[in-house]
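Below: the structure, in structure tokens.
When reading the values below, keep in mind they use all heavy atoms of this one structure, side chains included, and skip hydrogens, waters and symmetry mates.
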Amino acid sequence: MKIGVYPGTFDPITNGHLDIIKRSINLFDKLYIVIPSNMSKTNLFTVEERINLIKLATKEYDNIIVCATPLLTVEFAKQVGASYMIRGLRMVSDFEYELQLSTFNKKLAPEIETLFIMASHEYSFLSSSSVKEIAHFNGDITCFVPDVVEKAIREKYNK
Ligand code: ADP
């Protein structure tokens with residue numbers, strides 16, 4: 001069975017993440033979307049909220065499992081028997097960080113390959129943080145995120 005892991009913060013999931021999922025899903029029998037649960041970053045959504053939003057946004061796929069892990073993502077990948085980790089690349093600025101991360105991961109788990117998928121041009125500028133910033137200033141984010149996420153962000157900022 002071909003198993004892949006797509007790790008990320010997903011705070012929250014955007015149409016850019018969904019595009020990467022849509023384009024990689026057929027490579028695998030099972031794709032884990034996994035959130036590291038012990039990251040120090042301060043996030044708008046809790047891990048549980050992020051998992052729930054990803055589940056709602058990907059409910060059309062029956063071979064996706066969404067979860068959190070306290071483990072390093074390569075350790076998680078080993079535990080679930082995955083051979084591949086998926087990452088998206090937007091701008092040149094992503095490259096340096098992703099190269100460093102994938103080199104570390106290769107050292108820690110040589111049997112796991114990182115596959116990079118280039119962002120579609122319409123999403124190459126899109127990040128979770130820009131979506132939050134626009135929403136914070138009451139801008140229109142409907143074309144950047146699924147409807148469930150748009151609603152959830154509005155609720156957060158209107159509290
Ligand atoms: P992380 O904190 O791990 O970078 P993110 O949730 O920001 O978590 O992103 C997870 C992965 O998705 C990363 O590989 C990132 O480059 C990729 N990604 C984020 N936004 C996009 C996008 N608009 N298009 C393609 N890939 C993206």
Could you report the tightest heavy-atom contact between [X] and [Y], atom names first, then the distance?
X: S37; Y: V47; value: CA-CG2, 4.3 Å
X: T9; Y: R50; value: O-NH1, 2.8 Å
X: T73; Y: P7; value: CG2-CB, 3.5 Å
X: R154; Y: D140; value: NH2-CA, 4.3 Å
X: M91; Y: S124; value: CE-O, 2.7 Å
X: I13; Y: A57; value: CG2-CB, 4.3 Å

Test of understanding: clusters of I, L, V, M, F, W, Y form through side-chain heavy atoms closer than 4.5 Å, transitively. Do [X] and [Y] belong to the same one?
X: I54; Y: V5; value: no
X: V34; Y: I25; value: no
X: V131; Y: Y123; value: yes
X: L115; Y: L18; value: yes
X: I3; Y: V66; value: no

[atom2] on [Y] to [atom1] on [X], rounded to 0.5 Å:
X: T103; Y: Q100; atom1: OG1; atom2: CD; value: 8.0 Å
X: L53; Y: F10; atom1: CG; atom2: CZ; value: 12.0 Å
X: K22; Y: H17; atom1: NZ; atom2: NE2; value: 14.5 Å
X: I153; Y: F45; atom1: CD1; atom2: CZ; value: 5.0 Å
X: K2; Y: F28; atom1: NZ; atom2: CZ; value: 8.5 Å
X: Y32; Y: I65; atom1: OH; atom2: CD1; value: 4.0 Å

- Could you walk me through whether S127 and R90 pass side-chain hydrogen bond (donor to acceptor under 3.5 Å, both in side chains), step by step? CA-CA 9 Å; S127 65; R90 286 161 294 184; 4.6 Å; no
- Query: What pairs with K30 under salt bridge (Lys or Arg N to Asp or Glu O under 4.0 Å), at least two apart in sequence or on another chain?
  - Reply: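 By the salt bridge (Lys or Arg N to Asp or Glu O under 4.0 Å) rule, K30 matches no residue at all.
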- Task: Go through I64 and Y6 one step at a time and tell me if the side-chain contact (heavy atoms from CB on, under 4.5 Å) criterion holds.
- Result: CA-CA 10 Å; I64 284 182; Y6 181 25; over 6 Å; no
- Query: Run the side-chain contact (heavy atoms from CB on, under 4.5 Å) check on N105 and I112 step by step: do they pass?
  - Reply: CA-CA 8 Å; N105 284 339; I112 294 171; over 6 Å; no
- Task: Give the intermediate values and the outcome of salt bridge (Lys or Arg N to Asp or Glu O under 4.0 Å) for residues D11 and K132.
- Result: CA-CA 9 Å; D11 185 46; K132 285 181 282 190; 2.8 Å; yes
Return all side-chain donor-acceptor pairs below 3.5 angstrom for residues 75-85, not counting sequence neighbours, or 'none' if the list is empty.
| from | atom 1 | to | atom 2 | distance (Å) |
| --- | --- | --- | --- | --- |
| E75 | OE2 | K78 | NZ | 3.4 |

- Task: Please name the residue in the list L99, L101, D94 that meets the side-chain contact (heavy atoms from CB on, under 4.5 Å) test with Y97.
- Result: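 Among L99, L101, D94, the one that satisfies the side-chain contact (heavy atoms from CB on, under 4.5 Å) with Y97 is L101.
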- Worked verdict on I117 versus S24 for side-chain contact (heavy atoms from CB on, under 4.5 Å): CA-CA 8 Å; I117 298 185; S24 60; 3.6 Å; yes
- Task: Name all residues meeting the side-chain hydrogen bond (donor to acceptor under 3.5 Å, both in side chains) criterion together with E113; count only those two or more places apart in sequence or in a different chain, and write none if there are none.
- Result: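 For E113, the residues satisfying side-chain hydrogen bond (donor to acceptor under 3.5 Å, both in side chains) (neighbours in sequence not counted) are K106.
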With a cut-off of 6.0 Å (strictly less than), are more than 12 heavy atoms of other residues, nucleotides or ligands near [atom1] of [X]?
X: E111; atom1: CD; value: yes
X: F125; atom1: CZ; value: yes
X: D29; atom1: CG; value: yes
X: Y61; atom1: OH; value: yes

- Query: Is there a salt bridge (Lys or Arg N to Asp or Glu O under 4.0 Å) between D19 and R23 once you walk through the steps?
  - Reply: CA-CA 6 Å; D19 182 57; R23 289 162 60 206; 3.0 Å; yes
- Keeping the roles fixed (side chain from S120, backbone from E122), state whether a donor-acceptor pair exists under 3.5 Å.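 Answer holds: no.
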- Do the side chains of T14 and V149 get nearer than 4.5 Å, heavy atoms only?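 They are not in side-chain contact.
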